[in-house]
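Report on the structure given below.
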Amino acid sequence: MYSWIFVVIFIGGMVALGFVGMKRTKDADDFATARSSYGPLTMALVIAAGISSGSTFMGIPGLAYSMGTPSLWYPLLYPIATVIGMLFVAKVIKKYGDEFGTRTIPEFIGERYKSEFLRIALSIISILLIFYVISQFVAAGTMFQTMLGVNYGTGLIVTGIVLGFYVFLGGSHSDIITDSIQGFLMLIVALIVFVSFITGFGVEGGFSGMMDKISAERPEGDFNTLFAEGDMTYGAFWLVGLLFIAHLPFAIQPHLGNKFMAVKDGKDMKKLLMYTTIFATFLPVMALGGMMGIAVIGGGADIRPDSIIPLLFSELFPPVLAAFLAVAVLSAIMSTSDGLIVSLSQIVANDLFRKTIVPRTNMSSEKAAKWELLLSRYSTIVVMVLAVVFAWNPPESLAVFLWIGIGGIMAATAGPILVGALWKKGTKTGAISSLLIGNVVYWIVYLPIGIGFTNPFGAAGIAVLVSMLVMYTVSLATQPKTSTSMAVENNIKLGK
């Protein structure tokens, strides 16, 4: 009963905020970016919520529950790597957005290197974000099933309708307004999980009793075990290192990178980065809930690992609090999904229509702007339908599944954006080479028809390293000639 009450309140609130976002959306640029509209604290909550998706609140605790301590390398390292990458690129993306009116990461990379090919290529590669969307829908369907006892498929449909409605209305404004509130709820849940863990709440013997039960229930993954021998992701230090490297470009995914453009003033970027670092590195303590679940639920329980957090809440807390916390976990899922949907809609409306098709037609600017806003809105419905269809048969692990797609995006963007932000000598040829080679290497390493390295984090880490190396070496080899070097070459040709 409490779950139904809170879910209805939550959905009603999200829909109401969708109307607020609609009032603030005057044109296609508002829908795409909400440019320069929000303060650093609000945007920090939004970005941290976008980084910490349904995977952080369900998938990663699920891994901790099923595997134990070795899986904690993931929540420990990914926020650090993400923040490091964000420190390098956030100001550059904001600067280009303010100066050139760029709306998306593919448009930014095209403007940065004056290359239409780069923009279109990254737009196509960014379609892989659909894997990320699907994983969020799976998490939402699981939450509805666990919280309300409704059919999994019904949960998927409800999720699609709610998300589709408020994103359709207000685009980025609805995304940001709802995500800031959802991010705050997520921080509350993470804090409760953290306090519950360090006190051993609900476990006989408190913290020490909990640790003993974890060792008894999961001896192969207790806190004395750093690596899982033979595991393709957590089996050795070098594999964990690849996981870290793979996340360095994480903040420049299309649904996160465009958030930097919504910050009111470039002078606020330092505050934004400071707040985001605090929030983003704290939210992954949700993984401790998975470890706690081993002691509270039992390591041999016949459950889907990804459902451990709502089951833990139901076991530990009174129904009213458990229901509230479960709805807050739903916030984590929604907060990433809406940003992903906006980004995918902009591949069609901005990167392909406005920047590619319109310049090749005689369409008036007024008509083009009208069509762009229509495409932005209605393409969100297409994304919703595809997500529901593909999420109908859920994958085994959300944390792994979502990386199948975004690993390719990480590999493609590491060289052009991460290296390009740090190094002004990066060239268009270097950017194109690193984007293509990095992406191809990822799929060769990961897919069974290639090397068949079934760890998507490791495959992405290898491809990210290759992408950055290619960017550096090819850019060095294709540096534009200076007037001095050209004069020397001419003298050589003349025999002087």
Side-chain angles (χ1 to χ4, degrees), residues 81 84-126 242 245-254 257 260-261 266 269 351 355-356 359 407-445 460-496:
I84 290 173
M86 187 173 63
L87 292 174
F88 295 141
V89 302
K91 292 181 180 179
V92 177
I93 293 172
K94 171 64 175 172
K95 178 182 176 183
Y96 269 81
D98 289 346
E99 291 185 6
F100 301 105
T102 54
R103 299 178 183 178
T104 65
I105 294 302
E107 185 181 359
F108 159 74
I109 199 174
E111 192 66 44
R112 164 72 173 82
Y113 295 102
K114 307 300 179 186
S115 170
E116 185 176 51
F117 175 82
L118 275 172
R119 173 173 50 78
I120 294 174
L122 186 55
S123 297
I124 294 171
I125 292 171
S126 295
L242 287 175
I245 293 168
H247 282 83
L248 288 172
F250 194 81
I252 48 182
Q253 289 181 89
F260 303 127
M261 303 173 195
M269 294 305 288
D351 300 321
K355 298 295 294 183
T356 306
I409 300 175
M410 301 298 96
T413 54
I417 301 183
L418 201 59
V419 176
L422 295 171
W423 190 43
K424 294 182 179 180
K425 292 184 178 181
T427 66
K428 180 168 73 173
T429 305
I432 292 173
S433 301
S434 65
L435 181 140
L436 294 176
I437 294 174
N439 192 257
V440 169
V441 166
Y442 171 73
W443 294 112
I444 289 175
V445 172
I462 292 169
V464 164
L465 286 173
V466 170
S467 178
M468 293 192 291
L469 181 62
V470 169
M471 179 69 183
Y472 179 73
T473 55
V474 174
S475 292
L476 278 182
T478 57
Q479 288 294 306
K481 295 178 180 178
T482 64
S483 56
T484 303
S485 63
M486 291 176 68
V488 171
E489 285 188 12
N490 288 333
N491 287 337
I492 292 172
K493 289 177 182 177
L494 294 171
K496 294 181 180 180

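Just so it is clear, the model here is predicted, and its values are computed rather than measured.
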Give the minimum heavy-atom separation between [X] and [Y], together with the two atoms involved.
X	Y	result
W423	S475	CZ3-CB, 3.4 Å
A421	V89	CB-CG1, 3.9 Å
G407	A460	CA-CB, 3.9 Å
G461	I245	O-CG2, 3.7 Å

Donor-acceptor pair, distance only, cut-off 3.5 Å: does the side chain of [X] make one with the backbone of [Y]?
X	Y	answer
R119	D351	yes
S434	A431	yes
Q253	I409	no
T427	Q479	no
T102	E107	no
S467	A411	yes

*asked:* Counting C-beta onward and ignoring hydrogens, is there a side-chain heavy-atom pair between L418 and T413 closer than 4.5 Å?
replied: no

*Check whether any side-chain heavy atom of V474 sits under 4.5 Å from a side-chain heavy atom of I437, and report yes or no.*
no

*Apply side chain to side chain contact (heavy atoms under 4.5 Å, CB included) to F108 and I417, showing your working.*
CA-CA 9 Å; F108 159 74; I417 301 183; 4.1 Å; yes

[atom1] of [X] to [atom2] of [Y]: how many Å apart, nearest 0.5 Å?
X	Y	atom1	atom2	result
I252	M410	CD1	CE	6.5 Å
I120	L122	CD1	CG	11.5 Å
T429	M471	OG1	CE	10.0 Å
I109	L435	CD1	CG	5.5 Å
H247	L242	NE2	CG	12.0 Å
I444	I462	CD1	CD1	12.0 Å

*Output, in order, the C-alpha distance, side-chain angles, deciding distance and verdict of side chain to side chain contact (heavy atoms under 4.5 Å, CB included) for K428 and F117.*
CA-CA 10 Å; K428 180 168 73 173; F117 175 82; over 6 Å; no

*Checking side chain to side chain contact (heavy atoms under 4.5 Å, CB included) for the pair M86/F260: CA distance, chi angles, key distance, verdict?*
CA-CA 10 Å; M86 187 173 63; F260 303 127; 3.4 Å; yes

*Do other residues, nucleotides or ligands put more than 12 heavy atoms under 6.0 Å from the OH atom of Y96?*
yes

_Passing candidate, side-chain contact (heavy atoms from CB on, under 4.5 Å) with V441, options V464, V466, V470_ = V466

*Show your reasoning for whether side chain to side chain contact (heavy atoms under 4.5 Å, CB included) applies to I93 and I105.*
CA-CA 8 Å; I93 293 172; I105 294 302; 3.7 Å; yes

*Can a cation-pi geometry be assigned to K355 and F100, taking NZ or CZ under 6.0 Å from the six-membered ring centre and within 45° of the ring axis?*
no

